[in-house]
Amino acid sequence: GIADGRGVAAALSSGAVGAVMGTRFLASKEADIAAGYQNQILRAHDGGQSTIRTPLFDALAGRNNWPPQFDGRSIVNGSTKDADAGVPFEENQAKFKEALKQGDKGWGEDGRLTTYAGTGIGLIHGVQAAEDIVHEARESARRAMKEAYEMM
């Protein structure tokens with residue numbers, strides 16, 4: 001869930017020597033992902049509330065090659081809502097396969113396509129160059145740590 005300098009500062013203050021901001025870079029200019037996927041990263045606004053851990057998307061895509069204890073975190077969409085509502089898997093999979101043919105229209109709140117993302121998505125508000133993301137996170141973390149130190 002680390003997507004900004006405050007999260008980096010929190011990790012460093014807890015003894016970490018670094019931080020990973022994976023989802024944040026899905027909204028970078030260099031990210032080689034579909035525009036529909038990237039738009040969903042920007043749309044999600046409440047972090048963990050709009051994501052779910054599930055093996056569903058691997059199953060829908062026919063990739064059931066992960067051990068059962070592993071899954072992915074994805075933004076909730078039509079596929080996950082249907083699964084929760086008890087829609088038969090075969091029907092959900094047919095809708096998923098149809099969405100694959102729709103390109104960017106296959107994503108969205110009621111879309112079907114996989115949008116893997118971490119809980120930090122609510123902190124992502126725009127697409128930036130990766131260099132700018134790193135620079136802003138570093139400077140924001142420095143400020144936060146300096147302010148915390150000065151309060152001691």
Side-chain angles (χ1 to χ4, degrees), residues 1-87 89 92-93 95-96 99-100 104-148 151:
I2 298 175
D4 62 12
R6 293 178 306 153
V8 172
L12 295 175
S13 297
S14 297
V17 295
V20 176
M21 300 190 331
T23 298
R24 177 61 188 100
F25 288 97
L26 291 173
S28 69
K29 292 179 180 177
E30 295 84 354
D32 188 18
I33 62 174
Y37 190 157
Q38 198 167 63
N39 289 339
Q40 289 311 295
I41 298 298
L42 298 174
R43 179 189 64 79
H45 61 278
D46 58 1
Q49 298 299 312
S50 59
T51 63
I52 185 172
R53 290 187 61 145
T54 179
L56 176 66
F57 290 103
D58 283 329
L60 291 174
R63 296 184 308 258
N64 296 324
N65 53 351
W66 286 93
Q69 68 267 31
F70 296 106
D71 56 24
R73 180 175 293 281
S74 177
I75 296 175
V76 172
N77 66 11
S79 294
T80 58
K81 291 175 189 174
D82 279 357
D84 288 345
V87 171
F89 177 80
N92 202 351
Q93 188 175 43
K95 291 177 181 180
F96 176 84
L100 286 172
D104 289 331
K105 293 179 183 178
W107 277 278
E109 187 172 353
D110 294 317
R112 315 299 300 184
L113 299 182
T114 313
T115 311
Y116 289 123
T119 58
I121 56 172
L123 301 171
I124 303 169
H125 305 293
V127 176
Q128 295 177 273
E131 178 182 13
D132 294 337
I133 293 169
V134 171
H135 177 74
E136 284 182 17
R138 182 180 56 232
E139 293 308 311
S140 176
R142 284 183 181 160
R143 282 192 307 275
M145 293 175 74
K146 181 180 178 196
E147 289 171 11
M151 290 174 50

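The chain is numbered in sequence order, starting from 1. Note that the structure is predicted; figures quoted are calculated from it, not measured.
- Between the side chain of Thr115 and the backbone N or O of Ser74 there is no donor-acceptor pair closer than 3.5 Å.
- Atom CD1 of residue Ile41 and atom CD1 of residue Ile33 lie 6.0 Å apart, to the nearest 0.5 angstrom.
- For the atom pair Gln40 CD and Leu26 CG, the distance stands at 12.5 Å (nearest 0.5 Å).
- In this structure, Glu147 CD and Met145 CE are separated by 12.0 Å, a value rounded to the nearest 0.5 Å.
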Using distance only, find each side-chain donor-acceptor pair of residues 15-22 under 3.5 Å and give its atom names and separation, not counting sequence neighbours.
none

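- Within 6.0 Å of CD in Gln49 there are 12 or fewer heavy atoms belonging to other residues, nucleotides or ligands.
- Between Asp58 and Trp66 the shortest side-chain heavy-atom distance falls below 4.5 Å.
- Between the side chain of Asp4 and the backbone N or O of Gly7 there is at least one donor-acceptor pair closer than 3.5 Å.
- Within 6.0 Å of CG on Asp32 lie no more than 12 heavy atoms contributed by other residues, nucleotides or ligands.
- At least one side-chain heavy atom of Arg6 sits under 4.5 Å from a side-chain heavy atom of Leu123.
- Of the possible donor and acceptor atoms, none in the side chain of Asp71 sits under 3.5 Å from a partner among the backbone N and O of Pro55.
- Taking 4.5 Å as the limit, some side-chain heavy atom of Arg112 sits within range of a side-chain heavy atom of Asp82.
- By the 4.5 Å heavy-atom criterion applied to side chains, Ile124 and Thr23 are counted as neighbours.
- Two residues are said to be in side-chain contact when any heavy atoms from C-beta on lie closer than 4.5 Å; Val76 and Ser50 fail this criterion.
- Using cut-offs of 30° and 60° on the angle between ring planes, the pair Phe96 and Phe57 is tilted.
- Rounding to the nearest 0.5 Å places OH of Tyr116 at 13.0 Å from OG1 of Thr51.
- Contact detail for Asn64 and Ala59: the closest heavy-atom pair is OD1-CA, 2.9 Å.
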List the atom pairs, with distances to 0.1 Å, where a side-chain N or O of residues 125-134 and a protein N or O form a donor-acceptor pair under 3.5 Å, not counting sequence neighbours.
unit_1: Gln128; atom_1: OE1; unit_2: Arg24; atom_2: NH2; d: 2.5
unit_1: Gln128; atom_1: NE2; unit_2: Glu136; atom_2: OE1; d: 3.4
unit_1: Gln128; atom_1: NE2; unit_2: Glu136; atom_2: OE2; d: 2.8

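- Remark: Leu42 CG to Ile121 CD1 distance equals 10.0 Å, nearest 0.5 Å.
- Leu56 and Ser79 get closest at one heavy-atom pair: CD2-O, 3.5 Å.
- Applying side chain to side chain contact (heavy atoms under 4.5 Å, CB included) to Lys81 and the options Asp110, Ile52, Asn92 leaves one that passes, Asp110.
- For Thr80 (side chain) and Asn77 (main-chain N/O), a donor-acceptor pair under 3.5 Å exists by modelled atom type.
- In this structure, Asp104 CG and Tyr37 OH are separated by 13.0 Å, a value rounded to the nearest 0.5 Å.
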